[in-house]
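Bear in mind the structure is a predicted one, so any value in this text is a computation, not a measurement.
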Amino acid sequence: MMRKTGLALGLLSFVLLSTSAFAADATSASCDLGYELPADISLWLPTSRPAEAQGEFDQLSWNTFLALNAPRVGAKPSLLGDNPTQWDRWSSTVDLIQCQNDPSDCFCAEGQCGSGDQYYPPACQAIPDFQNYRVLAQLSKIDDSFLEAGRGELSNHPVIDANGKFVRYEILLNPVAYDFVTDNRLYNKAGLSSLRQPIIFPCGDFTYQGGDPADPRMGAMVLKAAWMEYEDQSRATPFALGPYHTEEMLVFSPADRSVTGVASCEIKTMALIGMHIAHKTVRQPGWIWSTFEHRMNAPECTSLPPQGDQEGSGPNINCPTSVDRGYNLFAEECSDGAAGSAACQSCNQVPVSNSPDPQQVCTSSELSGGSSDNTGWCLDLPPAAEQGKSKLCRQVPLSVGYPTAHALNQSCAAQLGRQSVWSNYQLISTQWINQGSMTCQNGVAAPGRSREAILPQVFLLANGSEPQLRPYLANSSMESYGRSNCIGCHIQAAIKNAVNTKLSTDLMYWLQLEAFPTE
């Protein structure tokens with residue numbers, strides 16, 4: 001055990017020395033709370049100094065995060081607690097697809113559904129004043145409201161938090177992305193099958209300085225949010241002091257994911273614990289990928305991730321042996337030797353199903369026979385008594401793997417102040433391609449998709465040799481059980497049209513999985 005620990009510490013020292021240039025750039029990081037929502041990166045690319053460029057991209061990510069989490073264009077996030085956000089008025093992918101295909105369960109102005117309109121499952125419509133809430137729902141065939149999305153197919157991997165509750169997810173579209181999909185009828189199989197060319201979402205234009213996420217010159221923005229049930233009942237008002245951004249939401253559970261076989265919908269206080277922001281721009285047609293998470297999600301892993309290609313290397317499974325405080329996704333009782341440790345799964349491994357019969361009960365009826373792994377998960381039952389809770393660590397230590405993001409996090413937290421809920425969120429990093437573009441084009445057709453061009457790259461653990469660099473970016477609330485590379489994964493999103501031609505969906509998997517489902 002001592003020998004393994006010594007090896008890990010030695011490799012971490014090697015990485016720290018090897019990233020000294022990155023750390024030097026990070027010392028100059030500063031955070032400005034003034035409203036700035038960039039439409040594109042200001043850099044001309046490619047660059048021979050990616051360390052400096054990484055700082056620019058991370059700055060763009062923080063500016064974007066602060067602007068989108070402000071209550072309106074030109075405003076600032078609250079420094080005295082919580083506040084409504086700009087994106088909480090966006091439609092989800094579920095809203096778009098359901099309302100465009102069958103608006104009977106949607107409530108749209110003058111019967112014409114558009115950006116901002118909501119879909120309400122019948123079970124949610126039974127709740128008084130249901131139209132005053134947003135819904136965490138899902139489409140039939142697609143369980144991505146509580147399962148982490150797998151590459152190219154659905155994943156049966158949920159995250160079950162320290163309180164034994166399923167983490168829930170939603171994918172939201174800015175009005176630019178929403179309008180593009182509806183204008184081009186990309187919300188169902190018929191529309192997608194009629195395509196003859198790869199999809200090209202609108203790109204943000206650097207010349208636009210207005211900062212309005214609804215302006216066509218801002219380009220398409222897609223946000224994925226991770227939510228956990230908030231257990232603190234002391235907050236009497238929705239935007240009071242507290243450690244999280246919270247919303248009162250309708251949380252929908254479908255009949256086939258319930259042990260009772262009955263769909264349910266409940267009003268719950270949900271706390272934001274993770275956020276991906278993808279922004280398509282002229283200079284980055286492969287999208288700029290920013291990911292944030294709550295600082296109390298998970299401790300950092302104690303060594304580097306394993307080496308190998310994305311498909312085969314697996315996650316970093318080196319959690320701390322114990323924690324002296326509870327994390328959202330690593331309960332204090334999960335510490336080795338603690339009285340309740342048997343309730344927790346091994347480090348960064350999928351929890352045990354809570355279904356009485358994982359092959360028959362709480363399985364998706366739409367997926368049975370069509371999915372290679374249709375594990376039962378009962379949204380109305382507590383976790384399995386043994387190994388039923390997730391036990392997660394952040395796979396790449398921030399200060400080692402992403403020093404510019406780490407420095408900006410410290411600066412932004414100080415500027416926001418301890419009373420602002422937003423000071424509790426941190427940028428993991430920003431992924432981008434070190435290849436310039438002058439036109440808005442499909443992200444797969446754009447140049448520079450080689451492994452070496454995708455940044456940032458982090459050191460992976462090698463067996464007896466120097467660590468190797470690979471593109472790596474993961475959010476502990478959304479990519480918990482595998483090796484994550486946003487661009488490397490999403491470039492494979494595609495559909496086959498009516499004449500069996502494979503066409504890229506411009507790195508947007510939700511079009512393939514939700515609007516173009518296969519049996």
Checklist entry - Do we get K268 above Y230's six-membered ring, with its NZ or CZ under 6.0 Å from the centre and within 45° of the axis? => result no
Next on the checklist: For F180 together with F201, are the ring centres under 6.0 Å from each other?
Outcome noted: yes
Checklist entry - In terms of side-chain heavy atoms, does Q395 have a donor or acceptor partner in Y472 at a distance below 3.5 Å? => result yes
Next on the checklist: Has T505 got a side-chain atom pairing as donor or acceptor with A493's backbone, closer than 3.5 angstrom?
Outcome noted: yes
Item to check | Working for side-chain hydrogen bond (donor to acceptor under 3.5 Å, both in side chains), residues N497 and S193 | outcome: CA-CA 4 Å; N497 65 9; S193 295; over 6 Å; no
Item to check | Considering all heavy atoms, the nearest L473-T430 contact | outcome: CD2-C, 4.5 Å
Checklist entry - Do other residues, nucleotides or ligands put more than 12 heavy atoms under 6.0 Å from the CZ atom of R89? => result yes
Next on the checklist: disulfide bond (SG atoms under 2.5 Å apart) for C99 and C106? Distances and angles first, verdict last.
Outcome noted: CA-CA 6 Å; C99 294; C106 299; 2.1 Å; yes
Checklist entry - What do the steps show when you test L172 against V222 for side chain to side chain contact (heavy atoms under 4.5 Å, CB included), and what is the final call? => result CA-CA 6 Å; L172 299 163; V222 179; over 6 Å; no
Checklist entry - Would you say the side chains of T93 and E514 form a donor-acceptor pair under 3.5 Å? => result yes
Checklist entry - Got a salt bridge between K391 and D336, using NZ or NE/NH1/NH2 to carboxylate O under 4.0 Å? => result yes
Item to check | Residue pair E333, S341: steps toward the side-chain hydrogen bond (donor to acceptor under 3.5 Å, both in side chains) verdict | outcome: CA-CA 5 Å; E333 68 187 38; S341 61; over 6 Å; no
Next on the checklist: Can you tell me how far apart CG (N188) and CD1 (I97) are? Round to the nearest 0.5 Å.
Outcome noted: 9.0 Å
Next on the checklist: Under a 3.5 Å threshold, yes or no: a donor from one side chain and an acceptor from the other, between H276 and E479?
Outcome noted: yes
Next on the checklist: Ignoring hydrogens and geometry beyond distance, is a side-chain donor-acceptor pair present between S92 and E170 at under 3.5 Å?
Outcome noted: no
Checklist entry - Are S355 and S353 linked by a side-chain donor-acceptor pair shorter than 3.5 Å? => result no
Checklist entry - Are the aromatic rings of H279 and W289 close, with centres under 6.0 Å apart? => result no
Next on the checklist: Could you go through W62 and N409, starting from their C-alpha distance and side-chain angles, then the distance that decides it, and tell me whether this counts as side chain to side chain contact (heavy atoms under 4.5 Å, CB included)?
Outcome noted: CA-CA 8 Å; W62 256 109; N409 292 338; 2.9 Å; yes
Checklist entry - Do the side-chain N and O atoms of H406 and S399 include a donor-acceptor pair separated by under 3.5 angstrom? => result no
Checklist entry - Does the side chain of Q100 come under 3.5 Å of the side chain of Y119 through a donor N or O and an acceptor N or O? => result no
Next on the checklist: Working note: L136 + M270, criterion side chain to side chain contact (heavy atoms under 4.5 Å, CB included); need CA distance, chi angles, decisive distance, verdict.
Outcome noted: CA-CA 10 Å; L136 288 176; M270 304 299 289; 4.1 Å; yes
Checklist entry - Within the side chain of H490, is there an N or O that forms a donor-acceptor pair under 3.5 Å with the backbone of L507? => result yes
Item to check | Modelled atom types, side-chain donor and acceptor of S322 and S335, under 3.5 Å | outcome: no
Item to check | Shortest non-hydrogen contact from I487 toward W287 | outcome: CD1-O, 4.4 Å
Checklist entry - Does S91 reach the main-chain N or O of G116 with its side chain, forming a donor-acceptor pair under 3.5 Å? => result yes
Next on the checklist: If we ignore hydrogens and angles and just use 3.5 Å, is the side chain of D357 paired with the main-chain N or O of V361 as donor and acceptor?
Outcome noted: no
Next on the checklist: Please check this pair: side chain of N475 against backbone of F292, looking for a donor-acceptor N/O pair closer than 3.5 Å.
Outcome noted: yes
What pairs of donor and acceptor atoms, side-chain ones from residues 124-131 against any protein atom, are under 3.5 angstrom apart with sequence neighbours left out?
{"from": "Q125", "atom 1": "NE2", "to": "D105", "atom 2": "OD1", "distance (Å)": "3.0"}
{"from": "Q125", "atom 1": "NE2", "to": "Y120", "atom 2": "O", "distance (Å)": "2.8"}

Next on the checklist: Does either side chain, that of N318 or that of N316, offer a donor lying less than 3.5 Å from an acceptor on the other one?
Outcome noted: yes
Checklist entry - Which pair of non-hydrogen atoms, one from Q512 and one from Q492, has the smallest distance, and what is that distance? => result OE1-O, 4.3 Å
Checklist entry - SG-SG distance between C319 and C301 under 2.5 Å? => result no
Checklist outcome for this item: S477 and E148 have their tightest heavy-atom pair at O-OE2, 3.6 Å
Checklist entry - Can you check whether C489's main-chain N or O pairs, donor with acceptor, with N485's side chain at less than 3.5 Å? => result no
Checklist entry - So, are E229 and R168 salt-bridged, with charged N and O less than 4.0 Å apart? => result no
Checklist outcome for this item: What one should report as the nearest heavy-atom pair of L147 and W377 is CD2-CD1, 4.2 Å
Item to check | Carboxylate-amine/guanidinium proximity below 4.0 Å for R134 and D88 | outcome: no
Checklist entry - Where does the angle between the aromatic ring planes of W87 and H245 fall among parallel (under 30°), tilted (30 to 60°) and perpendicular (over 60°)? => result perpendicular
Item to check | Q138 and D143 side chains, donor-acceptor separation under 3.5 Å | outcome: yes
Item to check | Pair Q345-S390, side-chain donor/acceptor within less than 3.5 Å | outcome: no
Item to check | Under 3.5 Å side-chain donor-acceptor pair for T85 and N69 | outcome: no
Next on the checklist: Quick one, N297 with Y327, criterion side chain to side chain contact (heavy atoms under 4.5 Å, CB included). Give me CA distance, side-chain angles, the key distance, then yes/no.
Outcome noted: CA-CA 5 Å; N297 274 1; Y327 289 84; over 6 Å; no
Item to check | Pair C393-C347, disulfide bond (SG atoms under 2.5 Å apart): steps then yes or no | outcome: CA-CA 7 Å; C393 65; C347 181; 3.6 Å; no
Item to check | Short side-chain to backbone donor-acceptor contact, N328 and A298, under 3.5 Å | outcome: no
Item to check | Main-chain N/O of P254 paired to S258 side chain as donor or acceptor, under 3.5 Å | outcome: no
Checklist entry - Do S504 and N442 meet the criterion of a side-chain donor-acceptor pair at a distance under 3.5 Å? => result yes
Next on the checklist: What I want to check is whether the side chains of S104 and D102 have a donor and an acceptor closer together than 3.5 Å.
Outcome noted: yes
Next on the checklist: For Y481, is there any backbone N or O sitting under 3.5 Å from a side-chain donor or acceptor partner on N348?
Outcome noted: no
Checklist entry - Counting N and O atoms only, with roles assigned by atom type, does the side chain of N424 sit under 3.5 Å from a partner on the main chain of R295, one being a donor and the other an acceptor? => result no
